[in-house]
Amino acid sequence: MGARRYLTAAVAIGAVATTTGCLGGGGGTSNTSGTATGAGKAEVEVMYGFGNEQESAFHKDLDAFAAKNGFKVKYTKAGSWDTEIRTRIAGGSPPDVGLFPQPGLMCDIAKQGKILAYDDATVATDNETLVPGFSASGTCDGKVYGLPSAVSVKSLLWYDQAAWKATGLTFPTTMDELLKVTDELKGKGDTPWCIAAESGAATGWPITDWIEDLVLRTAGPEGYDKWVKGELKFNSPEVKAAFDYFHTIAFTEGNVLGGTKAIASTNFQTGGNALFKQPPGCYLFKQATFIAGKGGFPDNVLAKLDTTVGVAAFPPKEAGNNPVLVGGDLAAAFNGDANTIKLRNFIASKDNGIEVGKAGYFSPHKTFDVNLYPSKTLQAIASEVLYKSSAARFDGSDLMPAKVGAGTFWTEPIKWITGQIDETQMLDNIDKSWPTS
């Protein structure tokens, strides 16, 4: 979704620590098997929506591969991915390869027959090194149409290292322990949490990340998959349990800096800065990797990131069963030209992303050398959270119909948090908004 595009791609922490028409043009024929045909185009166009250090590093990785394989890459950056990719397809001139930040949109286009599926052998090879669940996120009607390149991690809790050490508490490793630690902090007279949901016209999306992480735990990855497809309702016991857990943390007096209603007016980028005040304004803050980049935590904190900021996985329901919520981009091909398929497959492979990794963006492959990431903080997130996860799932609101995922799933929880409606009304309102066709 346009308003959240830069949130669903990996964001560099390293910088602070250091419908009609034919498919594609020329150079081979399209097919539905995802296998390469033709001699190969001299220039392959790749369209994407990310920028900053990731963009230039992405170019370096792809240019090196293309040079070895005798072709060139044309790069097209979309300002509004959803709009521009639909326009290109409708005009009969899609790019050769597209990097989709929204799996739901990719599946919509795949159902129109506009994208090629990966062949089984390529999927099998990539699954040997991918974090479990990534190929499922790019699967539409039983076929894999997209596989991830760089990803961001959302299942994270941030804290101030020195402040947490001073509490004498053991960091929680399960959801029950997290509630216990919350109570213990409050019992000491401290405010446990900073929670922030204000994002202008997109206010409310940070709460969707909270709920998605919790549904992954209360319903499990399989239940999560049913939920994002509309097969498991918001008011089902499994999903309601996630909202109930959030309610216990966010609605209990004394748990949140500023109180429950302040969540809706506290900015998502700066809402965790109170972690680093003296005395701390709060001790825990849930947010994705981007928060430890420019515009998130204070500059003086970022300058000492590895020695000041602590980060850990959002706890699983049971220790060792640790699913992870991610955002990122799925590589898909719009034609079967030989070089198009070569480039798409390379983008999704374990061999891609060396320069991207050095710039501070995560490879979805567990075999990636974590020492290439430019900070100890990034290395810890990769090795202790992403690569140890039992199952990965993409951002649920990006998988849901826009009317829900960028609509009622944003707005109704804000009404709940601010006291305008109760939990039952909120869940029923979201369910009623789900498209019937």
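Keep in mind it's a predicted model, so treat the numbers as computed, not measured. Numbering of residues begins at 1 and proceeds along the displayed sequence.
- Between the Trp193 side chain and the Ile249 main chain, no donor and acceptor come within less than 3.5 Å of each other.
- Ring orientation note: the planes of Trp434 and Phe234 are tilted relative to one another, at an angle of 30° to 60°.
- Across every non-hydrogen atom of Cys194 and Ala274, the tightest pair is SG-CB, 3.8 Å.
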*Under the side chain to side chain contact (heavy atoms under 4.5 Å, CB included) criterion, do Leu99 and Phe58 qualify, and how do the steps go?*
CA-CA 12 Å; Leu99 268 68; Phe58 177 70; 4.0 Å; yes
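- Nearest heavy atom pair, residue Ala196 against residue Asn267, reads CB-O, 3.3 Å.
- The only member of Lys77, Gln54, Glu55 that meets side-chain hydrogen bond (donor to acceptor under 3.5 Å, both in side chains) when paired with Tyr48 is Glu55.
- Under 4.0 Å is where a charged nitrogen must lie from a carboxylate oxygen, and between Lys233 and Asp431 no such pair does.
- Under the 4.5 Å side-chain criterion, counting only non-hydrogen atoms from C-beta, Val123 is not in contact with Asp119.
- The aromatic ring centroids of Tyr361 and Phe50 lie 6.0 Å or more from each other.
- Here Asn345 contributes atom CG and Thr340 contributes atom OG1; the two are 10.5 Å apart, rounded to the nearest 0.5 Å.
- Between the Arg344 side chain and the Gly146 main chain, no donor and acceptor come within less than 3.5 Å of each other.
- For the pair Tyr387 (side chain) and Val370 (backbone), a donor-acceptor distance under 3.5 Å is absent.
- Taking the six-membered ring for Trp and the full ring otherwise, the centers of Tyr145 and Tyr118 sit at least 6.0 Å from each other.
- Lys72 has no carboxylate O lying under 4.0 Å from a charged side-chain N of Glu45, or vice versa, which leaves the two without a salt bridge.
- A ring-centre distance under 6.0 Å is found for Tyr373 and Phe362.
- Taking both residues in full, the closest heavy atoms of Phe334 and Pro94 are given as CD2-CB, 3.7 Å, listed atom of the first, atom of the second, then distance.
- Side-chain atoms of Ser155 come within 3.5 Å of backbone atoms of Leu325 as a donor-acceptor pair (strictly under, hydrogens ignored).
- Counting only distance, with no hydrogens or angles, the side chain of Gln269 and the backbone of Ile291 share no donor-acceptor pair below 3.5 Å.
- Note on Asp213 versus Lys286: salt bridge recorded, some NZ/NE/NH1/NH2 to OD/OE distance being below 4.0 Å.
- Side-chain N or O atoms of Thr125 include one that pairs as donor or acceptor with a backbone N or O of Ala121 at under 3.5 Å.
- Residues Leu232 and Val239 have side chains in contact (heavy-atom distance under 4.5 Å, counting atoms from C-beta outward).
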*Go through the steps to decide whether Val311 and Leu157 satisfy the test side chain to side chain contact (heavy atoms under 4.5 Å, CB included), and finish with yes or no.*
CA-CA 6 Å; Val311 63; Leu157 290 180; over 6 Å; no
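- If you run side-chain contact (heavy atoms from CB on, under 4.5 Å) between Asn429 and each of Ile421, Thr408, Thr424, only Ile421 comes through.
- Here CZ of Phe368 is found 11.0 Å from CG of Asp351. Values are rounded to the nearest 0.5 Å.
- Between Leu257 and Ala262, the shortest heavy-atom contact is O-CB, 4.3 Å.
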*Test Ser349 against Asn352 for side chain to side chain donor-acceptor pair (under 3.5 Å), laying out the working first.*
CA-CA 6 Å; Ser349 75; Asn352 181 36; over 6 Å; no
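- At distances below 3.5 Å, not a single donor-acceptor pair connects side-chain atoms of Glu84 with backbone N or O atoms of Trp81.
- Taking the six-membered ring where tryptophan is involved, the planes of Trp227 and Tyr224 are perpendicular, since the angle between them exceeds 60° and thus also 30°.
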*asked:* Using the rule given for side chain to side chain donor-acceptor pair (under 3.5 Å), can you reason through Glu238 versus Thr218, listing the C-alpha separation, both sets of side-chain angles and the distance that settles it, and then say yes or no?
replied: CA-CA 6 Å; Glu238 300 93 330; Thr218 59; over 6 Å; no
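- At least one side-chain heavy atom of Arg88 sits under 4.5 Å from a side-chain heavy atom of Pro95.
- The two residues Met106 and Ala332 come nearest to each other via the heavy atoms SD-CB, 4.4 Å.
- Lys366 contributes atom NZ, which lies 8.0 Å from atom OG of Ser389 (distance to the nearest 0.5 angstrom).
- Side chain of Thr308 to main chain of Leu305: no donor-acceptor pair is present (N/O by atom type, distance under 3.5 Å, no hydrogens or angles).
- In this structure, Trp158 and Phe276 have side chains that are not in contact, with every pair of non-hydrogen atoms separated by 4.5 Å or more.
- Using a 4.0 Å cut-off between a side-chain N of Lys or Arg and a carboxylate O of Asp or Glu, Glu384 and Lys388 qualify as a salt bridge.
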*Hey, mind stepping through Phe134 and Asn127 against side chain to side chain contact (heavy atoms under 4.5 Å, CB included) and telling me if it holds?*
CA-CA 8 Å; Phe134 270 129; Asn127 274 338; over 6 Å; no
_salt bridge (charged side-chain N to carboxylate O under 4.0 Å, His left out) evaluation trace for Lys294 with Asp299_ = CA-CA 7 Å; Lys294 189 73 173 176; Asp299 289 344; 3.0 Å; yes
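- When side chains are defined from C-beta on, Cys107 does not count as touching Thr139, because their heavy atoms never get closer than 4.5 Å.
- A centroid separation of less than 6.0 Å is found between the aromatic rings of Phe314 and Trp210.
- Between Ala392 and Val131, the closest heavy-atom pair is CB-CG1, 3.8 Å.
- A salt bridge links Asp82 with Arg86; the closest basic N to acidic carboxylate O contact falls under 4.0 Å.
- Taking CG of Leu330 as the reference point, atom CZ of Phe394 lies at 4.0 Å (rounded to 0.5 Å).
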_salt bridge (charged side-chain N to carboxylate O under 4.0 Å, His left out) assessment of Lys240 paired with Asp244_ = CA-CA 6 Å; Lys240 185 178 183 299; Asp244 290 345; 3.2 Å; yes
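- The backbone N or O of Leu427 lies less than 3.5 Å from no partner atom in the side chain of Asn235, so there is not a single donor-acceptor pair.
- Pro323 places none of its side-chain heavy atoms less than 4.5 Å from the side chain of Arg393.
- Note: Thr266 OG1 to Asn273 CG = 11.5 Å, rounded to the nearest 0.5 Å.
- Salt-bridge annotation for Lys74 and Asp96: absent, with no side-chain N of the basic residue lying under 4.0 Å from a carboxylate O of the acidic one.
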*Kindly indicate, with the supporting measurements, whether the criterion side chain to side chain donor-acceptor pair (under 3.5 Å) is fulfilled by Ser149 and Asp329.*
CA-CA 6 Å; Ser149 52; Asp329 300 273; 5.1 Å; no
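- Aromatic rings of Trp205 and Phe409 (six-membered ring for Trp) have centroids beyond the 6.0 Å cut-off, not under it.
- For the atom pair NZ (Lys154) and CG (Asp209), the distance works out to 3.5 Å, reported to the nearest 0.5 Å.
- For the pair Asp160/Val309, no side-chain contact is recorded, criterion being any heavy-atom separation below 4.5 Å from C-beta on.
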*Walk me through it: do Lys114 and Gln112 pass the test side chain to side chain contact (heavy atoms under 4.5 Å, CB included)?*
CA-CA 6 Å; Lys114 305 296 185 181; Gln112 301 171 21; 3.8 Å; yes
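- Side chain of Ser152 to backbone of Thr289: no donor-acceptor contact under 3.5 angstrom is found.
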